[in-house]
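For ligands, and for the atoms within them, numbers begin at 1 and follow the listed sequence. Positions are given from 1, in the same order as the sequence printed here.
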Amino acid sequence: MSEQQNVVVVGLGYIGLPTAVVLANYGSQVIGVDINEANVARINRGEIPFVEPGLEEQLARAVAEGTLRATTEMPAGDAYIVAVPTPFKDNYEGDVSYIRAAARNIAPQLRGDELIILESTSPPQTTRRMAEYLIELRPDLSLDGLEGKPAIHVAHCPERVLPGKVMEELITNDRIIGGMTPEATRRAQALYATFCVGQLLPTDDVTAEMAKLTENSFRDVNIAFANELSLIADRLGIDVWELIELANHHPRVNILQPGPGVGGHCIAVDPWFIVSSAPEQAQLIRTAREVNDAKPEWVVQKVKEAVEDKAVPVVAALGLAFKPDIDDLRESPAVGITQALARELPHGTVLAVEPHVADLPPALQGLKNVRFTEVIDAIKRADVVVLLVDHQQFTKLPKGILDGKQIVDTKGLWRPTRALGAPVTGAMPMVTAAH
Ligand code: SAJ
């Protein structure tokens, strides 16, 4: 693949940096661009600005071999990969301002014949709008090579890697390659083929955008189903985890797990891009988002009910991360629940436990009645223990430590196990008086 040796990666975050590193180690000459000067300096020293297994060694190698360098100034290149954030605005529409800013910086560098790939998860038709914006800024170029104007080749190739396994999944995952033209698809396939051993599935740009959003919406809708079941089961006084386990014995049923809500920066965000692009049609996807977003408040109410008779309640909130066994607290329902408990129980104390971080996150710092506490100490002091994340650590508690405590177990981690098929011995409501 000689025609695209100079690759510019725009945005050196959780996706852009690993992508730049992998490209550099698989034969491309890569320049990474980011507005964060401190991170650019760090990367040029071979140091990573965030934790991702395997990234540091590979970055150090690319920097040492001179195949990757970082800068704050947009250079010229044969191919550009845009991997900038696409958050959502207050009205749930996708905020594409970082993509437009990237396009504004790329436009003056173009000579014609470049490949420009958008990797950021984006609302449908964003790639198209980015391409039109580039042509607006550079009317001497075109998207089709007609009228004697040199063409630029634009594609959407969404990232689908799982945080924590990025370096592996970048190489092994299949990829969707959505070119605006067959030539753009062909060139993007050739670029990803330099490092990706998965299938490179050709399609158009809008289908590629929707495929990424659809994957995360599928998961969101299925988690919402589990979360709704947890509310129904609680009302009926049955154990939702047993219910799901039994239903999943059906050969065509595979229900996900309920929890305190859906966190992270993908699944709780991406479905809104579909909803805002087709609000009348996206009924189920919207409702699923609402069901999942309402779950934290339901958990807060359960804790409040459990401490009703306590003049000065002490609540141990176990876990702050957005999923088990990681240190990532972004968009975590556990943080929101802990914050709400502190607000709604001003006369009480919330003992926040998170074994994967060194201190309380900014959202909880400065709250007078929240204390960052070690797990055993927190449980011993608490009237109510609310389990928010099913970290490994919380499965290995000393025997009897939960005796006499009120428990709100949002992950079913401490439910008494009952052999399937054994007679039902009693309902296991969400809140129990003792364990
Ligand atoms: N969750 C549940 N119940 C479940 C499964 C998950 O409540 O049965 C919760 C988790 O606790 C967490 C949230 O959902 O709060 C999301 O976690 P996750 O592990 O489902 O997904 P993410 O956000 O870490 O990564 C997802 C992945 N997408 C899919 O699995 C379809 C990943 O492959 C994507 O690359 C990533 O989003 C992304 O960047 O879009």
Under a 3.5 Å threshold, yes or no: a donor from one side chain and an acceptor from the other, between Asn222 and Arg219?
no

Just need the protein heavy atom nearest to atom 25 (O) of ligand 1, so name the residue and atom and give the distance.
Leu162 CD1, 3.7 Å

With nothing but distance in play, are any N or O atoms of Val161 less than 3.5 Å from an N or O of ligand 1?
yes

Should the ring pair His391 and His356 be called parallel, tilted or perpendicular, given that the plane angle runs from 0 to 90° and is split at 30 and 60?
tilted

Consider only side-chain N and O atoms of Thr410 and Lys295, and report whether a donor and an acceptor are under 3.5 Å apart.
no

What is the closest protein heavy atom to atom 14 (O) of ligand 1, and at what distance does it sit?
Ile223 CD1, 3.5 Å

Residue, atom and distance of the protein heavy atom nearest atom 21 (O) of ligand 1 read Ile267 CD1, 3.5 Å

Taking the basic N atoms (NZ, or NE/NH1/NH2) and the acidic carboxylate oxygens, is any pair closer than 4.0 Å for Arg415 and Asp409?
no

Within the supplied structure, the quantity of interest is the number of heavy atoms (other residues, nucleotides, ligands) at a distance under 6.0 Å from Ile35 CD1; does it exceed 12?
no

Please say whether Thr121 places an N or O atom under 3.5 Å from an N or O atom belonging to ligand 1.
no

Decide, yes or no, whether a salt bridge links Glu132 with Arg129 under the criterion of side-chain N to carboxylate O below 4.0 Å.
no

Residue, atom and distance of the protein heavy atom nearest atom 8 (O) of ligand 1 read Gln257 N, 2.9 Å

Numbered atoms of ligand 1 (with element) below 4.0 Å of Cys266, judged on heavy atoms
36 (C), 37 (O), 38 (C), 39 (O), 40 (O)

Could you tell me if any non-hydrogen atom of Glu159 lies under 4.0 Å from any atom of ligand 1?
yes

Checking heavy-atom distances from atom 40 (O) of ligand 1 to each of Lys212, Arg160, Lys323, the winner is Lys212

Taking atom types as modelled, find out whether Thr126 and Glu209 have a side-chain donor-acceptor pair closer than 3.5 angstrom.
no

Roughly how far, to the nearest 0.5 Å, is CZ of Arg371 from CG of Leu364?
12.5 Å

Atom 13 (C) of ligand 1 sits nearest the protein heavy atom Gly263 O, 3.6 Å

When every non-hydrogen atom of Phe394 is compared with those of Leu318, the smallest separation belongs to CE1-C, 3.7 Å

Do Gln301 and Glu297 get their side chains close enough for a donor-acceptor pair, meaning under 3.5 Å?
yes

The protein heavy atom nearest to atom 11 (O) of ligand 1 is Phe322 O, 3.3 Å

Pick one of side chain, backbone, both or neither for how Asn227 approaches ligand 1, counting any non-hydrogen atom pair under 4.0 Å.
neither

Could you tell me, atom by atom, which parts of ligand 1 come under 4.0 Å of a heavy atom of Glu215?
31 (C)

To which protein heavy atom is atom 28 (N) of ligand 1 closest, and what is the distance rounded to 0.1 Å?
Asn216 OD1, 2.9 Å

At under 4.0 Å between heavy atoms, which part of Arg219 makes contact with ligand 1: side chain, backbone, both or neither?
side chain

Does an N or O anywhere in Pro324 fall below 3.5 Å from an N or O of ligand 1?
no

